[in-house]
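Just so it is clear: chains get the letters A, B, ... in the order the sequence lines come, proteins before strands, and each one is counted from 1. Please read these numbers as outputs of a predicted model, since none were measured by experiment.
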Amino acid sequence: MNYWLMKTEPDVYSMDDMLADKNQTTVWEGIRNYQARNFMRDGMKNGDQVLIYHSNAKPPGVIGIAEVVKEAYPDPFQFDEKSNYFDPKSSKDNPRWLAVDVKAVKKLDRLISLTELKEIEALADMRLIQRGNRLSVMPVEKKEFDLIVALV
DNA sequence: GCCAACGTTGGC
DNA sequence: GCCAACGTTGGC
């Protein structure tokens with residue numbers, strides 16, 4: 001099993017929104033970064049555990065856990081001309097962008113802020129902590145995942 | 001609202 | 001293939 005972290009802006013889509021969705025399941029769409037896409041395509045398997053991270057939030061931090069319930073498939077919004085995620089260079093024969101479905105496992109009892117994560121030496125190598133990191137989907141080590149969840 | 005960091009685009 | 005210009009991300 002693999003472990004991941006995925007960012008979302010709570011003003012756009014929050015952990016509470018996921019819990020409110022049907023079956024607590026959502027299409028994780030709109031990923032328009034090749035590195036993030038490749039992680040979804042090559043690494044994400046059903047049952048993988050995902051830390052849900054609120055970015056552009058006050059404060060930013062890890063807010064919940066979700067699980068991959070549908071492995072990578074073409075992101076439908078890339079074909080929708082009315083969508084902000086429409087990509088005229090993508091085609092149905094050769095789709096450029098992928099989505100996965102994730103199901104909420106639980107919301108953490110409290111938000112683990114980025115500030116708190118930065119103070120933990122064992123997490124110093126996490127990509128999330130690295131300066132200038134902008135990846136919205138990134139792998140997390142099992143020991144990092146377990147440590148963060150245990151902070152609550 | 002600012003701005004550093006980074007990815008993408010497009011002219012050459 | 002290089003790289004300047006531009007747009008976006010995301011913490012502060």
Side-chain angles (χ1 to χ4, degrees), chain A residues 2-21 26-44 48-68 71-102 104-141 143-152:
Chain A
N2 292 315
Y3 297 84
W4 309 93
L5 180 145
M6 300 203 297
K7 295 179 183 174
T8 182
E9 298 189 33
D11 289 347
V12 179
Y13 188 83
S14 70
M15 188 73 208
D16 286 337
D17 292 330
M18 199 192 315
L19 289 166
D21 280 345
T26 191
V27 178
W28 207 269
E29 35 78 12
I31 304 295
R32 295 291 181 270
N33 169 282
Y34 289 106
Q35 219 180 338
R37 179 203 68 184
N38 293 347
F39 283 134
M40 293 199 296
R41 182 187 63 197
D42 303 334
M44 272 194 195
D48 282 1
Q49 301 293 111
V50 181
L51 295 171
I52 301 299
Y53 177 89
H54 277 178
S55 63
N56 263 318
K58 295 175 188 175
V62 175
I63 187 65
I65 302 171
E67 180 178 321
V68 177
E71 293 172 10
Y73 61 97
D75 181 339
F77 291 87
Q78 70 195 307
F79 306 124
D80 179 356
E81 289 186 36
K82 289 183 228 102
S83 169
N84 287 337
Y85 295 121
F86 176 64
D87 184 346
K89 294 179 186 163
S90 188
S91 69
K92 294 204 174 175
D93 290 342
N94 187 20
R96 181 178 288 193
W97 304 113
L98 302 172
V100 296
D101 287 2
V102 298
V105 173
K106 66 171 182 178
K107 184 177 178 180
L108 300 182
D109 290 338
R110 69 181 181 88
L111 179 137
I112 312 294
S113 73
L114 179 60
T115 310
E116 183 172 352
L117 296 174
K118 281 180 173 170
E119 286 168 355
I120 299 169
E121 204 160 325
L123 299 179
D125 289 337
M126 272 189 85
R127 301 179 90 114
L128 180 72
I129 310 297
Q130 309 296 313
R131 173 188 180 83
N133 163 64
R134 288 167 49 182
L135 265 184
S136 57
V137 176
M138 69 186 83
V140 172
E141 299 288 329
K143 62 179 195 299
E144 295 167 345
F145 183 96
D146 291 342
L147 194 159
I148 291 169
V149 171
L151 290 172
V152 175

Requested in this report: Tell me, please, which residues at least two apart from A:Lys7 pass salt bridge (charged side-chain N to carboxylate O under 4.0 Å, His left out).
Outcome: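 Per chain and number, A:Lys7 pairs via salt bridge (charged side-chain N to carboxylate O under 4.0 Å, His left out) with no residue.
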Query raised in the report: Sequence neighbours excluded, which residues qualify as salt bridge (charged side-chain N to carboxylate O under 4.0 Å, His left out) partners of A:Arg41?
Result: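 In terms of salt bridge (charged side-chain N to carboxylate O under 4.0 Å, His left out), with neighbours along the sequence ignored, A:Arg41 is linked to no residue.
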When you compare the protein's N or O atoms with those of nucleotides 8-12 of chain C, which come within less than 3.5 Å of each other, and at what distance?
residue, atom, partner, partner atom, Å
C:dT8, O2, A:Arg134, NH2, 3.2
C:dG10, OP1, A:Lys7, NZ, 2.9
C:dG10, OP1, A:Arg134, O, 3.1
C:dG11, OP1, A:Tyr53, OH, 2.7
C:dG11, OP2, A:Asn56, N, 3.0
C:dC12, OP1, A:Lys118, NZ, 3.0

Query raised in the report: For A:Asp48, what residues pass the side chain to side chain donor-acceptor pair (under 3.5 Å) criterion, not counting sequence neighbours?
Result: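 Applying side chain to side chain donor-acceptor pair (under 3.5 Å) to A:Asp48 gives A:Trp4.
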Requested in this report: Using atom CD of A:Gln35 as one end and atom P of B:dG7 as the other, report the distance to the nearest whole Å.
Outcome: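 Checked: the CD to P distance equals 7 Å.
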Show every donor-acceptor pair shorter than 3.5 Å between a side-chain atom in residues 143-152 of chain A and any protein atom, with sequence neighbours excluded, or say none if there are none.
residue, atom, partner, partner atom, Å
A:Glu144, OE1, A:Glu141, N, 3.0
A:Asp146, OD2, A:Lys142, NZ, 2.7

Query raised in the report: Going by the side-chain hydrogen bond (donor to acceptor under 3.5 Å, both in side chains) test, which pairs reach into residues 75-86 of chain A, not counting sequence neighbours?
Result: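 Non-adjacent pairs meeting side-chain hydrogen bond (donor to acceptor under 3.5 Å, both in side chains): A:Arg32-A:Asp75, A:Gln78-A:Ser90.
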